[in-house]
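Reckoned from all heavy atoms, side chains included, excluding hydrogens, waters and symmetry mates. These numbers come from a predicted model, not from an experiment. Numbered from 1 within each chain, the chains take letters A, B, ... in sequence-line order.
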2 protein chains.
Amino acid sequence: MSQLTVLRSYALKSNPATLPPSVLLSHSETSVTLFDAFPKSIFHFLILPRPQPSLSIFDLANLSSLLKCDNSKAKSVLLTMKEEAQSVKDMIESEMMKRYGFKWGIWTGFHAVPSMEHLHLHVLSNDLCSPRMRKKQHYQSFHPKHGFFLHLDDVLSWFDAEPSYYDTVSQLKKSQYEPLLKGDFECWKCERVIANMPALKSHLQEEWDKEMQRETAKLKRKQKSPDLPTAKGTDALETVPKERRSPDAA
Amino acid sequence: MSQLTVLRSYALKSNPATLPPSVLLSHSETSVTLFDAFPKSIFHFLILPRPQPSLSIFDLANLSSLLKCDNSKAKSVLLTMKEEAQSVKDMIESEMMKRYGFKWGIWTGFHAVPSMEHLHLHVLSNDLCSPRMRKKQHYQSFHPKHGFFLHLDDVLSWFDAEPSYYDTVSQLKKSQYEPLLKGDFECWKCERVIANMPALKSHLQEEWDKEMQRETAKLKRKQKSPDLPTAKGTDALETVPKERRSPDAA
DNA sequence: TATTCCGATAGTGAC
DNA sequence: GTCACTATCGGAATGAG
């Protein structure tokens with residue numbers, strides 16, 4: 001199975017439960033939720049809508065094709081995905097508490113120009129610390145303010161806008177969104193300009209370490225709890241099952 | 001000593017004989033001949049003119065600065081270098097016969113835009129087979145028809161041309177000659193277009209192996225000699241003394 | 001077009 | 001913006017005691 005179409009093959013499974021546990025997190029009648037095979041954060045999942053009698057695999061090819069459907073149908077699909085995303089978010093936050101003793105941000109959205117076929121909603125923690133975060137475009141494609149990463153709630157708001165705006169924005173033209181990846185290379189959190197990828201990775205790790213220390217200290221003050229989790233860095237635990245981790249160094 | 005100025009330091013030596021034998025091939029009152037530290041062919045030498053009472057180290061900075069001198073003085077320097085080049089060429093051909101049993105082409109010329117300071121005349125065999133031939137620009141800079149490699153006899157012919165032509169061509173402007181390196185990437189011998197450097201290196205090796213086989217067969221027919229040299233490829237022998245070879249694979 | 005080191009960039013192929 | 005692989009391109013430093 002080619003990487004280009006593997007998501008489609010998962011969405012087409014009549015019984016997603018047959019997917020290996022290293023791939024499948026959960027599924028329902030309307031969606032399949034996967035461990036991202038190349039997570040760009042400590043937590044990173046993909047939610048795939050499944051075809052329905054009224055919703056073909058072609059309608060679900062990507063966000064643009066979905067938005068070309070009847071508006072109410074498209075919106076309904078996205079709202080269902082949002083429900084599933086909320087459930088995944090809850091699970092992630094539960095894991096965050098269990099493993100790290102505190103919670104941090106989670107983003108839910110689409111890439112404006114995806115490379116893999118079949119609509120997939122990213123749900124990922126905002127640390128962006130992962131050995132698979134390797135290329136500038138990886139990072140830029142998740143930057144929450146560059147416009148390439150389309151937050152689900154922003155996409156949903158398009159339905160309430162002028163039809164002409166909806167028509168324009170829902171085309172998701174490569175020529176319009178691709179340049180956004182070449183924008184300023186800076187930390188999304190502190191807006192510092194970053195020289196290159198090694199510097200970015202160090203900086204993101206520092207940012208997250210600082211957040212962990214801040215939150216851990218906060219909890220200690222509030223709860224005076226003596227037995228908090230003590231995991232440090234991102235090496236210790238990932239949502240990707242061990243057996244499918246690639247051998248990258250952190 | 002920086003690589004940028006090392007040639008100048010050699011040319012300034014009051015006694016070139018103190019240079020290590022791994023660097024120095026020979027010297028005279030007017031020139032120093034070196035083993036190229038990074039030979040791009042099986043045989044590759046550099047001839048450096050030495051400063052004289054009437055010829056400063058600044059005049060000898062590069063070809064352009066030399067050509068700005070009095071015409072007869074500049075021509076005289078080049079003619080002296082040509083004599084030395086002929087002597088080096090004779091030596092190379094003698095080595096070719098001794099090591100390989102046949103002779104092949106030798107080029108004598110300057111790079112229009114050199115990277116190292118102090119005028120240096122390249123004298124190299126036209127196999128272009130060497131582990132140090134690694135980058136496209138290495139190859140392009142020696143291509144005999146691209147115009148970046150200035151054959152010594154061509155440069156000498158400038159003195160017989162219109163003064164306006166001489167003035168223009170002798171400026172050797174980077175903006176004029178640099179683009180020549182981006183030209184077609186093809187075998188100088190058979191004009192086949194080459195995809196990339198690994199392909200070029202294979203092709204050049206094949207071309208030279210073919211030449212060797214052709215010449216060896218020719219000699220066998222003519223001389224019916226049973227004990228010709230049998231060296232194959234470029235690994236066996238180089239003009240660069242063993243102790244200063246870098247550990248590159250062929 | 002001196003090299004070397006590092007990083008970014010570009011094209012390919014994948015079933 | 002799927003990855004992995006290969007090759008190319010691009011800038012910066014290069015000495016010295």
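A:M197 has its CE atom 11 Å from the P atom of C:dG7, to the nearest Å. To the nearest angstrom, P of D:dC3 lies 4 Å from NZ of A:K40. In this structure, A:E117 places its CD atom 16 Å from P of C:dC15, rounding to the nearest Å. Regarding B:H111, its NE2 atom lies at a distance of 10 Å from the P atom of C:dT3, rounded to whole Å. Rounded to whole Å, atom C1' of D:dC3 lies 15 Å from atom CE of A:M133. Note: CG (A:N196) to C1' (D:dG11) measures 12 Å, nearest angstrom. If you take CG of A:L7 and C1' of C:dC15, they are 15 Å apart, rounded to a whole angstrom. One interatomic measurement links the two molecules: CZ of B:F185 to P of D:dT8, which rounds to 7 Å at whole-angstrom precision.
Between B:R134 and the phosphate of C:dT3, there is no side-chain N or O to OP1/OP2 separation shorter than 4.0 Å. Within the 4.0 Å cut-off from OP1 or OP2 of C:dT1, not a single side-chain nitrogen or oxygen of B:H146 is found.
Across C:dT1, C:dT4, D:dT8, the shortest atom-to-atom separation from the side chain of B:R132 is found for C:dT4. With D:dG10, C:dT1, D:dA4 as the candidates, the nucleotide lying closest to the side chain of B:K182 is D:dG10. The side chain of A:K136 has C:dA8 as its nearest neighbour among D:dC9, C:dA8, C:dT1. Checking C:dT1, D:dT14, C:dA14 against the side-chain heavy atoms of A:L4 singles out C:dA14 as nearest. The listed nucleotides are C:dT1, C:dG7, C:dT4; the one nearest the side chain of B:K135 is C:dT4. Residue A:Q3 has its side chain nearest to D:dC3 when only D:dC3, C:dT4, C:dT1 are considered.
Across all strands, A:Y177 comes closer than 4.0 Å to no nucleic acid atom at all (heavy-atom distances). A:K174 comes within 4.0 angstrom of nothing in the nucleic acid, heavy atoms only. Contacts of A:Q140 with the nucleic acid, taken as non-hydrogen atoms under 4.0 Å apart, are absent. Looking at heavy-atom distances under 4.0 Å, A:H120 makes contact with sugar-phosphate atoms alone, never a base.
Taking the centre and axis of the six-membered ring of A:Y139, the NZ or CZ atom of A:K40 falls outside the cone set by 45° and 6.0 Å.
The closest side-chain heavy-atom distance from A:E186 to A:R192 is not below 4.5 Å.
Across all strands shown, nothing is found opposite C:dC15 as a Watson-Crick or G-U wobble partner with both distances under 3.5 Å.
Ring geometry, A:F149 versus A:W107: the interplanar angle falls from 30° to 60°, so the pair is classed tilted.
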Show, in sequence, the C-alpha distance, side-chain angles and deciding distance for A:F110 and A:H122, and conclude whether the ring-ring contact (aromatic ring centres under 6.0 Å, His included) test is met.
CA-CA 6 Å; A:F110 302 98; A:H122 293 269; 8.3 Å; no

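By the 4.0 Å N-to-carboxylate-O rule, A:K82 lies close enough to A:D153 to be salt-bridged with it. At a threshold of 4.0 Å, the pair B:E117-B:R8 counts as salt-bridged, since one of the basic side-chain nitrogens sits closer than that to a carboxylate oxygen.
Between C:dC6 and D:dG15, the distance separating the two P atoms is 15 Å to the nearest Å. Of the P atoms belonging to C:dT4 and D:dG17, the separation is 23 Å, rounded to the nearest Å.
The residue among B:M1 and B:A195 whose nearest nucleotide of DNA chain D lies closer to the 5′ end is B:A195.
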